[in-house]
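Note sheet for the following structure.
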Amino acid sequence: MCMIRTDLEKKFSRNHVTILVGETGSGKSTQVPQFILGLNNGKEKIAVTQPRRVAAINLAKRVADETKTTLGQDVTKLSSLVGYTVRFQNMSSAKTKIKYLTDGMLLRELLLRTNLDQYTTIILDEAHERTIITDLLMGFLKTLLQRRKNLRLIVMSATIDADKFSRFFDGAEVLYVQGRRFPVQRYYLSKPVEDIVDATVRTAIQIHASEPMGDILAFLAGQEDIDKAVDMLNDMIQSLPKGVPDLIALPLYAALPPQQQLKVFEKVAGNKRKIIIATNIAETSLTISGVRYVIDGGTHKVKVWRHDLGLDSLLTMPISKSNAAQRMGRAGREAAGKCYRLYTETDYYGLKSQSEPEIERCDVAFPILTLKLAGVSDVLGWNWLERPSKAAIIFALIRTVMSALMQLYALKALDDEGQITELGKKMAVLPLPPHLSAVLLDAHQKGIADPVLDIVSCLSIENLIMNPHPDKRDEVYEKRLPFITASGGMGDLVVLRNYVQHYRRLPSSSDRKEWCKEVYISYRAMSNVEKVSINQSEQDIRNQLESYLKAESTNIHSEDKSVQLSPSVLNEQIIQCFLTGFLANTALSLPGKMYRTIAGGQTINIHPSSSVFGKNVDAIMYTEYIFTTKAYARNVSPIDLEWLQRIAPHFLSRRTAGHD
DNA sequence: TAATGGTAG
């Protein structure tokens, strides 16, 4: 770091709030906490937040190495100076001096113990990524600093947002540190290309034929393009002239089975070169050593919340300059590198300097409920980091916040005056999106939490059911068929529960692994849904949710009734619980296998991956609604119109007036 | 009969 330690220490001990600017890899995430620890004879207690779990865990391990201490909970070890806390693992104790944690964890601590008295210093790392949670933390911390005059805050960021952060914290001092990085040569296209997959493949072959050894990392937007590029490269490799080294093409995206993901980290033996074709997972989340060449396709997929329709859409969009810089940097981590941008230099200068913060593009039901829980009544006037300057932004914010408030009102989390209800408080504490919290609490009240927990746990984990490569599709679907048949046409939620029940009944972990592989379900994800044996420091989702419910049961009558019910009656009741959370996601049959949503009157189709696809049912409920080539409902269950009439008579009669 | 950027609790 170019700024010397004593200078930084002087500034940190004097400043209430400091903005520290430095590129990823400058060592600030491991060094700064150790500087702080030295300030006050080791009396400091430091929380360092990270947007991602892996980063929190790895940083804690590195600092433990550097300080020659062991990580952990074990308080008998005097040396347990460094620890970490993430959702599934707590490796920290009351003695931990430097605690790395995900920003979501710090947010929970803040909501449960408002003053964060256990810390003397809070370090928010990677603040420039502008996740919803980091943004919320900054707002809450700004208020907290007024109450806790002795609390030190350090916001660490890449260059771009430093001034904005400084202004937000009333002109906090901005300090700069420089990391060690190698130069990366940039190349642009002279004119735009039409087929980005083809251009990526040709660039890769050209690098391979003419450049010195070193691995290649290429960025494309999605799984489809990546699989296509890998297939094309594998075909072309066959016809490489003799004497040219071997080229090994590997895909990388989150929905890929973990085993295949690991392959990108393996060193290739001998005279060979690796090319990894990845989504933006390789931009921040995974670092692959040995990369000297980057090919940047210039696009990524972003989730955009259409509050007018109440649906998420996934769009392929141009990246921002800061994404481009991050991608380029991947070529210069170990030595000088080269970056091939598959767009023109003019196009580059036309890119936005950064992507829109998450809070501006996503469903804000969760952040709004969080603010309400924290006692904020005027959510529009709250000190949002994004101080809206343009009327358009204010308008968008109002519309987004209003639709989130309406959703929360419909879920009975807010009352007529917009105040948080008792139910809303319980919902806000559960680590689930508001809709799923509503479902689970309803199930708990009805005494069927047990089976609903199976399903809710599955829905709240990412990349559980994987998408097989087209070659293997039929084979995998055949293995899944018995579980679909066993659902008796009750829909995808019941199918999901059939999977969990089967998994649970398998006798050994190798059986479970093997079965997951057959049906293309992620074993790693499934073991987070439900771990069969649990260490003290580990918890799975099902257990975590169950313990929240137990803490709630003092005033709710809830003995488990699910075992007394026949399977079909139970399944009906399960779906009725989901209706209380997903009332807005219901649709009635139209001629021609189309459906019309009850709430908005839009036409939608059942996604072909659903077990209800092609069936003739009067009405459906779905937990996911996405727009790709058409509007699709995914995760679909048939529903009975009587249930709707019973649960929400007003909703149904008002909405279907005129429907014939 | 079509298709799933990445995170977090």
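Values below: all heavy atoms of this structure, side chains included; hydrogens, waters and symmetry mates excluded. Throughout, protein chains are lettered first and strands after them, A, B, ... in sequence-line order, and every chain is numbered starting at 1.
A:I461 places its CD1 atom 15 Å from the P atom of B:dG6, with the value rounded to the nearest Å. The CZ atom of A:R52 sits 13 Å away from the C1' atom of B:dG5 (whole-angstrom rounding). Straight-line distance from the CD atom of A:E129 to the P atom of B:dA8: 11 Å, rounded to whole Å. Atom CZ of A:R361 and atom P of B:dG5 are 14 Å apart (whole Å). One interatomic measurement links the two molecules: CD of A:Q223 to C1' of B:dA2, which rounds to 13 Å at whole-angstrom precision. Atom C1' of nucleotide B:dG5 and atom CD of A:Q261 are separated by 13 Å, given to the nearest angstrom. Distance, A:L464 CG to B:dT7 C1': 17 Å, rounded to whole Å. With rounding to whole Å, A:I359 atom CD1 is found 22 Å from B:dG6 atom P.
Here A:M105 lies in heavy-atom contact (under 4.0 Å) with sugar-phosphate atoms only. Here A:R53 lies in heavy-atom contact (under 4.0 Å) with sugar-phosphate atoms only. Nucleic acid contact for A:T131: none, since no nucleic acid atom lies under 4.0 Å from a heavy atom of the residue. A:F219 comes within contact range of no nucleotide atom at all, as no heavy-atom separation falls under 4.0 Å. Among the protein residues, A:L315 comes within range of no part of the nucleic acid, since none of its heavy atoms lies under 4.0 Å from any strand. A:E358 comes within contact range of at least one nucleobase, with a heavy-atom separation under 4.0 Å. Counting any heavy atom pair closer than 4.0 Å across all strands shown, A:R108 reaches sugar-phosphate atoms only and no base atom.
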Residue pair A:S611, A:D492: steps toward the side-chain hydrogen bond (donor to acceptor under 3.5 Å, both in side chains) verdict:
CA-CA 6 Å; A:S611 65; A:D492 301 329; 2.6 Å; yes
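Of the charged side-chain nitrogens involved, at least one lies within less than 4.0 Å of a carboxylate oxygen, so that A:R53 and A:E462 count as a salt-bridged pair.
The nearest heavy atom of DNA chain B to A:N280 and to A:V54 marks one nucleotide each, and the one closer to the 5' end goes with A:N280. The residue among A:Q544 and A:E224 whose nearest nucleotide of DNA chain B lies closer to the 5′ end is A:E224.
Note: A:L153 CG to A:L144 CG = 9.5 Å, rounded to the nearest 0.5 Å. Between atom OG1 of residue A:T49 and atom CG of residue A:D125 there is a gap of 6.5 Å, rounded to the nearest 0.5 Å.
Distances were taken from every side-chain heavy atom of A:K301 (C-beta onward) to each of B:dA2, B:dG6, B:dG5; the shortest belongs to B:dG5. Checked against B:dG6, B:dA2, B:dA8, the side chain of A:Y253 finds its nearest nucleotide in B:dG6. Listed nucleotides B:dA2, B:dT7, B:dG9 differ in distance to A:A254; the shortest reach to its side chain belongs to B:dT7.
OP1 or OP2 of B:dG6 has at least one side-chain nitrogen or oxygen of A:T279 nearer than 4.0 Å. Residue A:S460 places no side-chain N or O under 4.0 Å from the OP1 or OP2 atom of B:dG9.
Between A:Y348 and A:Y343, the ring-plane angle classifies as parallel under the 30° and 60° cut-offs.
Each of A:R52, A:Q50, A:E358 was compared with A:E129 under the side chain to side chain contact (heavy atoms under 4.5 Å, CB included) criterion, and only A:R52 meets it.
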